[in-house]
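In what follows, a structure is listed as structure tokens, so that the remarks can point back to it.
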Amino acid sequence: MDKTFNPHSIEQACYQAWEEKGYFKASGTGEPYCILLPPPNVTGSLHMGHAFQHTIMDALIRYNRMKGNDTLWQCGTDHAGIATQMVVERQLNAKGLTRHDLGREDFVSKIWEWKAESGGTITKQMRRLGTSPDWTREAFTMDDDLSNAVQEVFVQLHEEGLIYRGKRLVNWDPVLHTAVSDLEVLNEEEAGFMWHLRYPLADGSGELVVATTRPETMLGDTAVAVHPEDERYQSLIGKEIKLPLTGRLIPVIADDYVDAEFGTGCVKITPAHDFNDYDMGKRHDLPMINILTDDAKINDNAPEAYRGLDRFDARKQIVADLNAQGVLVKVEDHTLKVPRGDRTGAVIEPYLTDQWYVAVESLAKPAIEAVENGEIKFVPENWSKTYYQWMHNIQDWCISRQLWWGHRIPAWYDDAGNVYVGRSEAEVREKHNIPAPTALRQDEDVLDTWFSSALWPFATMGWPDKTPELDKFVPSSVLVTGFDIIFFWVARMIMMTKKFTGKIPFKEIYITGLIRDENGDKMSKSKGNVLDPIDLIDGIELEPLVTKRTGGMMQPKLAAKIEKNTRKQFPEGINAYGTDALRFTFAAMASTSRDINFDMGRVEGYRNFCNKIWNASRFVLMNTEEFDTGKDCGELSLSLADEWIIDRFQHTVADVTKAMGEYRFDLAAQSIYEFTWNQFCDWYLELSKPVLQSDETTDAEKRGTRHTLINTLEQLLRLAHPIMPFITDTIWQRVAPLTAINATDTSIMVQPFVQFDETKTNAQASGDIEWLKQVIVGVRNIRGEMDIAPSKALDVLLKNVSAEDARRLAATQAVLTKLARLGSVTVLEAGEKGPASATALVGEMEVMIPMAGLIDKAAELARIAKAVDKIEKDMARTQGKLNNQGFVAKAPEAVIAKERDKLADMQMQLSKLEEQKATIEAL
RNA sequence: AGGACUGUAGCUCAGUUGGUUAGAGCGCAUCGUUGACAUCGAUGAGGUCGGCGAUUCGAAUUCGCCCAGUCCUACCA
């Protein structure tokens, strides 16, 4: 083995072997355990959030697989309608073409070509992370079987009247020329203006002033509204306004939606271009005048002067004209929420179009109940509130998109404008008796990508066919995802799966935190603070990192800033930490917190941890390979240390198992870390050395220790494997043959997980070794504080030695002498005082290091004074508690007894300290 | 406006149903290299647990208010 752990040299080979041997497939035996991978966008690449969630999913999958469950991780990608279309369209644009030059059919086949070439980025990256999904079942939402499911769901919902078509106001992205759902619109505050406009009454009897943030929409105004009880405007209700610029007559109406307190109390109403106005228009039966084209230019419903102008140019022109006519009263600065498309960043227009909708109310009801009655549990539980809040206010879902890439809506129109929905044109003709001469054309639109994602839990299992997988893996065990897609995806899956299978899609939903940068800022390309998980695995030099972060930046100023920050934060670039260290970091950070600030320091720490495991293993192998480890037979004599480490390991197994069951990967990681480093490496390996290296220990003792070394390590590797798959399997391949395991042609990943075994715990051995540790630490303490060289052998005296202390001393003296670097150990006779010494207390026993020639009087007095000070403070607190009548009267017996013991112990310590102080002062 | 979350050592975070002498890693200080590991070891310094109040014999932990920060949903033209 190399002297330091080199992740790069082991990872690839390891992964290839696993995949080739088919270890990722469900075994077919045991309890079903299934996780659905939230399908990443096919155009996407692995970001820190993915890496985090995939680590957690893989840890769960590996854990359950090892536990013997029939474990399936269903993976795949989604077709990401808008994103994918944009990627390929951009490639065409680079060649001076648009998708219209190709036509729909050719464009779609271009996308498939692109997918075949570049659609596998993220799955390749997942392999680098060591994830173990069943790649043979990898699904893609545009595959035939999934498309078939999509069509089936659409037709069935339509037959039940749950899908309908209607002309409604939708969120229109004028760059993409498509409707988008509410969830795809981001509302951000931006600086803008409020224009106050004077609208004259038609009869010339007066005027009123309206305020607007979008003056250009006045071309489509069809009313002005006031509050019905607003006294200022009572006389105006029912009168008509002569709308400036257009000259159209529009009514003044009363509606209590209007806030009389806000602005002037008069609101211009543009039903075709504002969601609130739209509702009001419906209430009052107002005409809806659309004034925009698909590109958000002014259309022919507007006066000629403005036709063809872009909406923002039109705004300037209209404001200028209104001003010239004296209509503009004033302009104020005003911050307002501007809706922008999450893909394009374009300002979204409320726009009147024909679209398809899912009526979600009846679907939502069982989906809400499934969470209310506990069938589906959120972890942490709080997220159910977020879920309810949205589900109780759920709006019909606009599912049509004016794109070419996606599942085409299975609806056909005849020339008379009738709509027929069916699985194919033939089916439609047959069902509705439409003869061949009658032309039918299919709807041009496709479905929202999330529509197909919503079917993921059952469509990937073969639905609508009745497959064994549908029985076995629906519901899946747990969904691991971020809170940002509870609405987009989680809620919709619950609705659809309930509807079409009658079952819930998953029993638990583990909501992970969001990975942020070390300052708590969201990682984003425009901030330039993104980290690529692969760069943390492989490392990256500074220059490529800068190029990567600033590449494609449109604003040079921003790029300069990002470059500066990057150079400052990573002057040496990023080290290669390896997959296991990265995964361990993610696990260790997976607490219940909703925000996770990613700290490079921790990755480095866990890389060191990997190295620690590596070197500990190296030590174990050096002492077991080519030695008798008692794997077949041979007498084993276990030392106290052997029994102790076995005991500690059992407790660690119990802790890790509990933590894994509660999705507390941070606690699981911490237990593994603590045991490995602070118990196994710091103590047990040291304790084993005297046994292995001494000529005085018997073969049975040596065999016992070797057996414990190799077997504890072997089990520790299994315990850690779900989190750190590569290093554990690599080491295990060498370790397992030295144990009783049949380790030919296998892998740790298909070995059983370790189980807590109470018969292997040993409280006495545990107590004995803790005693030993205290003695050693006591001596080291004195060494450290007295500045005695570690190499200097010390003669130690023990005072107040009880029978139990004597027993422990006898059992551990050899190791004690070695680990504390002692010259001699002398037990003082009862009543014997001993020379002036620096002293450490272990229970009531005093460990004394005589001062002669070694210890500085003043330093030792200072040390004692410090200890006295600390004990006195604690004593005062405990004394106070015990003096409190209420405490003694009401606290449970056990608690009081504990306080009393504590006090007695402290009193004992204090008197010993005082005694020592007196002795030393007397020198 | 409504809802959720966070505030513990210089930094990143644990702290289970109230009973600890409030912990870990990193960082810091001092010392240390003859083979498991300097990606290391030993020792140490460092916290009025955001603030105020309440409940309780007892609060980092429960409740109320306040301060600071984050996020989500809905929005006023």
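The chains referred to below are lettered A, B, ... by the order of the sequence lines, with proteins before strands, and numbering in each begins at 1.
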Atom pair distance, as rounded to whole Å: CZ in Phe5(A) and P in U39(B):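 It works out to 15 Å between those atoms.
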Same-atom distance (C1') from C40(B) to G25(B), integer angstrom: 16 Å
Kindly point out which of [options] is positioned nearest to the side chain of [X]?
{"X": "Val258(A)", "options": "U21(B), A77(B), U39(B)", "answer": "A77(B)"}
{"X": "Tyr257(A)", "options": "A77(B), G19(B), U12(B)", "answer": "A77(B)"}
{"X": "Lys866(A)", "options": "C37(B), G44(B), A77(B)", "answer": "G44(B)"}
{"X": "Lys881(A)", "options": "A14(B), C75(B), U20(B)", "answer": "U20(B)"}
{"X": "Lys3(A)", "options": "C71(B), U12(B), A38(B)", "answer": "A38(B)"}
{"X": "Asp599(A)", "options": "U43(B), C75(B), G25(B)", "answer": "G25(B)"}
{"X": "Pro790(A)", "options": "G2(B), U70(B), G32(B)", "answer": "G32(B)"}
{"X": "Trp677(A)", "options": "G41(B), A45(B), C72(B)", "answer": "G41(B)"}
{"X": "Ser593(A)", "options": "G41(B), A14(B), A4(B)", "answer": "A14(B)"}
{"X": "Lys612(A)", "options": "U39(B), G41(B), C72(B)", "answer": "G41(B)"}

Within the structure shown, what part of the strands sits under 4.0 Å from Asn781(A) by heavy-atom distance: base, sugar-phosphate, or nothing?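 If one applies the 4.0 Å heavy-atom cut-off, Asn781(A) turns out to touch the sugar-phosphate alone, with no base involved.
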I'd like to know if Arg607(A) reaches the base of U39(B) with its side chain such that a donor and an acceptor end up less than 3.5 angstrom apart. yes
Whether the side chain of Lys890(A) and the base of U56(B) hold a donor-acceptor pair under 3.5 Å is what I'd like checked.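 No such pair is found, so the answer is no.
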Which atom of Leu243(A) lies closest to which atom of Met218(A), heavy atoms considered: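 So the minimum-distance heavy-atom pair works out to CD2-O, 3.2 Å.
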Donor-acceptor under 3.5 Å (Thr712(A) side chain, Leu709(A) main chain):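 Not at all, since once roles are kept as given, no pair shorter than 3.5 Å links the two residues.
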Within 45° of the ring axis of Tyr684(A) and under 6.0 Å from its six-membered ring centre, is that where the NZ or CZ of Lys689(A) lies?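 That pair does not qualify as a cation-pi contact.
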